[in-house]
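Below is one structure; the comments refer to it alone.
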Amino acid sequence: MAPKGDNVVVSSIKLEKIFSMKGGKGESSYANNSQAQAIHARSMLHLLKETLDNVQLSSPQVPFVVVDLGCSSGSNTIYIIDVIIKHMAKRYEALGCEPPEFSAFFSDLPSNDFNTLFQLLPPMANHGGSMEETLAADSHRSYFAAGVPGSFYRRLFPSRSIDLFHSAFSLHWLSQVPESVLDKRSAAYNKGRVFIHGANESTAIAYKKQFQTDLASFLRSRAKELKKGGSMFLVCLGRTSVDPTDQSGPGLLFGTHFQDAWDDLVQEGLITNEKRDSFNIPVYASSLQDFKEVVEDVGSFTINKLEIFKGGSPLVVNQPDDAAEVGRALANSCRSVAGVLVDAHIGDHLGNELFARVEQRGTGQSKELLEQLQFLHIVASLSLA
């Protein structure tokens, strides 16, 4: 049994049992710290719609089924599902057909805050009228909704049941930290670091292998679940460097001030070196080549589009000149995505201490943060081969 109290050890618990974006509606919740993701998603809508135009239309008598994988707990997923369904409805209408009924599945790990997500869902429109009338009701949703808990690195749906898979800002999260990275006897042991950024070559190879193994599992599962003529639109963190230890934006987010804050806790005697070294962020920003190799190796999908897209900063602030606001935004941004893992590793109290130091460091480097912290995304549009 793990000891109770602030210093909780969870190394024996599988990542998928505890991991989620920070739930609820508090200051550091994902719901209140995902504005950057919303901005980045909106900037890619033209690419999403290109994918939607590639989806083969089924009979209007058969429900159209869309899935958002890694939906999290904010309003972004609801916005995207609404965009997808309205676009697909217009495609049916352009052919002189009444649109089919629509079904949307919101999927994430079991620990995701589905309660907050479902509270944000607009009410279902009255189905007494036609689907056109339902779609026109802006304050209501025009689709049946359900939550599906589980890892997208395994099967989630029956064979040939899904028309479209959407996944944004999720596939860079690995199913686990590579075991060798936490093994003191391994050349890949990431001593002194909590992220791959700036690590040694063996650590980088372990992270890359884990990413490619996970992505292959993801693709094989979706290949069975997609209907013939179905498509996928995938967005994840990417990089342009051939060196996997240069993690671009995520490297700055998790490999500088976040890393330094862990070192502060060690130097202040609040945690041991071993405690820090046994924590690693399970994120990998892929290169286009890393990604393409897996798609081609799995062989089930045709690549319609695969490119690097400049997403921008993950920090959204009202007053860029207010250093304290920038520092607070950095801490909240880190905590909204990694806070659950941090608290599980060192407890809530030390988690508060850690993110207070992230905020202090961010405040002291606010100008550089806003200029340098930029995310790149891999955007992939895939169809069944």
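Keep in mind that this is a model prediction, so the values were computed, not measured.
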Using 30° and 60° as the class boundaries, would you call the ring planes of [X] and [Y] parallel, tilted or perpendicular?
X: F64; Y: Y92; answer: perpendicular
X: F157; Y: F165; answer: tilted
X: F254; Y: F195; answer: perpendicular
X: F218; Y: F152; answer: perpendicular

Going from [atom1] on [X] to [atom2] on [Y], what distance comes out if it is rounded to the nearest 0.5 angstrom?
X: L384; Y: K227; atom1: CG; atom2: NZ; result: 12.5 Å
X: L315; Y: Q374; atom1: CG; atom2: CD; result: 9.0 Å
X: L330; Y: L253; atom1: CG; atom2: CG; result: 6.5 Å
X: S248; Y: D246; atom1: OG; atom2: CG; result: 6.5 Å
X: D264; Y: L270; atom1: CG; atom2: CG; result: 9.5 Å
X: D260; Y: L354; atom1: CG; atom2: CG; result: 11.0 Å

What I want to find out is whether [X] reaches [Y] closely enough, with some N-O distance under 4.0 Å, to be called a salt bridge.
X: R141; Y: D82; result: no
X: D277; Y: K184; result: no
X: D290; Y: K208; result: yes
X: R222; Y: E225; result: yes

Going by atom types alone, do [X] and [Y] pair a side-chain donor with an acceptor below 3.5 Å?
X: T203; Y: N200; answer: yes
X: T116; Y: D113; answer: yes
X: Q259; Y: D263; answer: yes
X: D243; Y: S241; answer: no

[X]-[Y] co-clustered via ILVMFWY side chain contacts under 4.5 Å:
X: M88; Y: L95; result: yes
X: V65; Y: V62; result: no
X: I205; Y: V283; result: no
X: Y189; Y: I196; result: no

Heavy-atom donor-acceptor pair, [X] side chain to [Y] backbone, under 3.5 Å:
X: H257; Y: G362; answer: no
X: S313; Y: L370; answer: no
X: D214; Y: L174; answer: no
X: R357; Y: E353; answer: yes
X: N112; Y: S72; answer: yes
X: S186; Y: L182; answer: no
X: Q247; Y: A285; answer: yes
X: R155; Y: K224; answer: no

For [X] versus [Y], what's the shortest heavy-atom pair and its separation?
X: L121; Y: I78; value: N-CD1, 3.8 Å
X: P149; Y: P110; value: CB-CA, 4.0 Å
X: L237; Y: H172; value: N-ND1, 3.0 Å
X: I308; Y: R239; value: CD1-O, 3.7 Å
X: Y207; Y: I281; value: OH-O, 2.9 Å
X: Y153; Y: L171; value: OH-O, 3.5 Å

Please say whether more than 12 non-hydrogen atoms of neighbouring residues, nucleotides or ligands are located less than 6.0 Å from [atom1] in [X].
X: E179; atom1: CD; result: no
X: Q319; atom1: CD; result: no
X: E201; atom1: CD; result: no

Are [X] and [Y] packed together at the side-chain level, in the sense that at least one heavy-atom pair is separated by less than 4.5 angstrom?
X: L156; Y: L69; answer: yes
X: M232; Y: F301; answer: yes
X: D322; Y: V317; answer: no

Option from T51, N54, T302, N304 for which side chain to side chain donor-acceptor pair (under 3.5 Å) with S383 holds: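 Output: one option passes, namely N304.
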D343/R335 under salt bridge (Lys or Arg N to Asp or Glu O under 4.0 Å): CA gap, chis, key distance, verdict: CA-CA 10 Å; D343 291 349; R335 192 159 207 172; 3.4 Å; yes
